[in-house]
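Here is the naming used below: chain letters follow the sequence lines, and residue numbers restart at 1 for every chain.
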There are 2 protein chains.
Amino acid sequence: MPNLTDCIEEYLKKLLALSSERFIEIQRRELARKFACVPSQINYVLERRFSMERGYLVESRRGGGGWIRIYRIEAGTAQPWREVINSLNGREFEPSRIRQLIRRMHEEKIISMREARLLEAVIKDRIYDSFGLSKKQARELQHELLSEALEELLKVSY
Amino acid sequence: MPNLTDCIEEYLKKLLALSSERFIEIQRRELARKFACVPSQINYVLERRFSMERGYLVESRRGGGGWIRIYRIEAGTAQPWREVINSLNGREFEPSRIRQLIRRMHEEKIISMREARLLEAVIKDRIYDSFGLSKKQARELQHELLSEALEELLKVSY
DNA sequence: TAATATCTGACCATCTCTGACCTTAATTAA
DNA sequence: TTAATTAAGGTCAGAGATGGTCAGATATTA
């Protein structure tokens, strides 16, 4: 029994699949009405299910005749992924976002299912708990290990 | 008179046997209600009767519309290696031996080249240097991470 | 009787959903 | 042209709905 968020996600992905463009355009109010929910629910779905990490890009415009566009990002080769990985270095390391990134890489066939699971294993918080590391240190170590591992993956193609 | 745990185990295994997918999806609250017990009883059953060692994999999601999925895992050729991995737990963690083990697993086609490189990356000493861990702690952490990673690899067959 | 297994309940973590209030753009009125 | 109005979309805090964990009580077994 899927929830509202799942339903809206599925609906939008169907629209995207059917669209001849590489994006779809919707109206927040319209969509909210269709699914009998508050408009901000749509923002929630976009944030959770159509994030950068999951390979989508969202644009919008307010005011009369406003709209929301959802783009599916094409991946292609491994090079863009290297850039994504490098960009990790700037921000704080957030495991949940990283997990999304890993899933996306799998969807794009940059890495296999097994490799994805392996990478996720490496950043499991539980493992780091009993070594007297601070939260921050643990995050840094996870980051280092992940970067190292991803480097190896990108060196050797399938 | 079998106990609750046995009943729930039997019920879930029947569901699995009947399912056309290779997993079943349940709701913890629902199941607890059906068996008139507290929800955490379900976790107990999953932990005791649907563990990795017994050949199952459990996934879940919280929040509204949350669920628990139980996968039946195929045994395959990996079983002997699982024993090898378990046997690591007794002794001291020696990186050079581990590297040999990894290479051997690759030769035996249990893991791919990329997976092997990935595993080796995770146990690179250099990475652990700047986190104030003692030699012993670093070894333990490497050990934990490697075990976790290998577990994941053996869960999903090629 | 001691060890092990089962079961419960209190408390925690995460994901979803809503509604009040804010910002921006187009349209209309002055 | 400018100001007011209307019609979008955005943000955020908090409520609701699940599932997770763990210590301790109870039952079973060796």
Distance below 4.0 Å between [X] side-chain N/O and [N] OP1 or OP2:
X       : N      : answer
B/Tyr44 : C/dT6  : yes
B/Thr5  : C/dA5  : no
A/Arg49 : C/dT16 : yes

By nearest heavy atom, map A/Val38 and B/Ala36 onto DNA chain C; which one lands nearer the 5' end?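 Nearest-nucleotide comparison on DNA chain C picks B/Ala36.
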Given protein heavy atoms under 4.0 Å, the one-letter contact record of nucleotides 15-25 of chain D, with B base, S sugar-phosphate only and - none, is simply --BBBBB----
In whole Å, what is the span from the [atom1] atom of [X] to the [atom2] atom of [N]?
X        : N      : atom1 : atom2 : answer
A/Asp125 : C/dC12 : CG    : P     : 19 Å
B/Arg48  : D/dA27 : CZ    : P     : 18 Å
A/Ile70  : D/dG9  : CD1   : P     : 12 Å
A/Asp6   : C/dC17 : CG    : C1'   : 13 Å
B/Leu4   : C/dG9  : CG    : P     : 12 Å
A/Asn3   : C/dC15 : CG    : C1'   : 8 Å
A/Glu47  : D/dA13 : CD    : P     : 12 Å

message: Considering every strand and a 4.0 Å limit on heavy-atom distances, what is the contact class for B/Ile42: base, sugar-phosphate, or nothing?
response: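 No contact at all - B/Ile42 keeps every heavy atom at 4.0 Å or more from the nucleic acid.
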Practice task
Mind checking A/Arg126 for me? I need base, sugar-phosphate or nothing, with any heavy atom below 4.0 Å counting as a touch.
Solution key: nothing
Open item on the list: Holding to side-chain contact (heavy atoms from CB on, under 4.5 Å), I want the full list of residues that pass it with B/Arg33, two or more places apart in sequence or in another chain.
Closed with: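 B/Arg33 satisfies side-chain contact (heavy atoms from CB on, under 4.5 Å) with B/Glu30 once adjacent residues are dropped.
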Between [X] and [Y] (side chain of the first, backbone of the second, donor and acceptor by atom type, cut-off under 3.5 Å), is there such a pair?
X        : Y        : result
A/Ser19  : A/Leu15  : no
B/Glu115 : B/Ser112 : yes
B/Gln137 : B/Ser134 : yes

Only counting residues at least two apart or in another chain, list the ones meeting side-chain hydrogen bond (donor to acceptor under 3.5 Å, both in side chains) with [X].
X        : result
B/Asp125 : B/Arg139, B/Gln142
A/Arg28  : A/Asn43
A/Glu107 : none

- Query: Does A/Glu144 have any salt bridge (Lys or Arg N to Asp or Glu O under 4.0 Å) partners at least two apart in sequence or in another chain, and if so, which?
  - Reply: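 By the salt bridge (Lys or Arg N to Asp or Glu O under 4.0 Å) rule, A/Glu144 matches no residue at all.
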Quiz item: Under a single-linkage rule joining Ile, Leu, Val, Met, Phe, Trp and Tyr whose side-chain heavy atoms are separated by less than 4.5 Å, which residues share a cluster with A/Val38?
Solution: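 Cluster partners of A/Val38: none, it stands alone.
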Review point. Transitive ILVMFWY cluster of A/Leu18 at side-chain heavy atoms under 4.5 Å: who else is in it?
Key: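 Besides A/Leu18, the hydrophobic cluster comprises nothing; the residue is isolated.
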Got a sec? Which of residues 7-15 of chain A come in under 4.0 Å of DNA chain D, heavy atoms?
->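 Heavy-atom contacts with DNA chain D come from no residue of residues 7-15 of chain A; none.
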Next on the checklist: Enumerate the ring pair (Phe, Tyr, Trp, His ring centres under 6.0 Å) contacts for residues 17-52 of chain B, please, sequence neighbours excluded, ordered by first and then second residue.
Outcome noted: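 Residue pairs passing ring pair (Phe, Tyr, Trp, His ring centres under 6.0 Å), neighbours aside: B/Tyr11-B/Phe35, B/Phe23-B/Tyr71, B/Phe50-B/Tyr56.
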Inter- and intrachain pairs under ring pair (Phe, Tyr, Trp, His ring centres under 6.0 Å), touching residues 121-140 of chain A, at least two apart:
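The answer is none; no pair qualifies.
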Protein-nucleotides 28-30 of chain D N/O pairs closer than 3.5 Å?
none

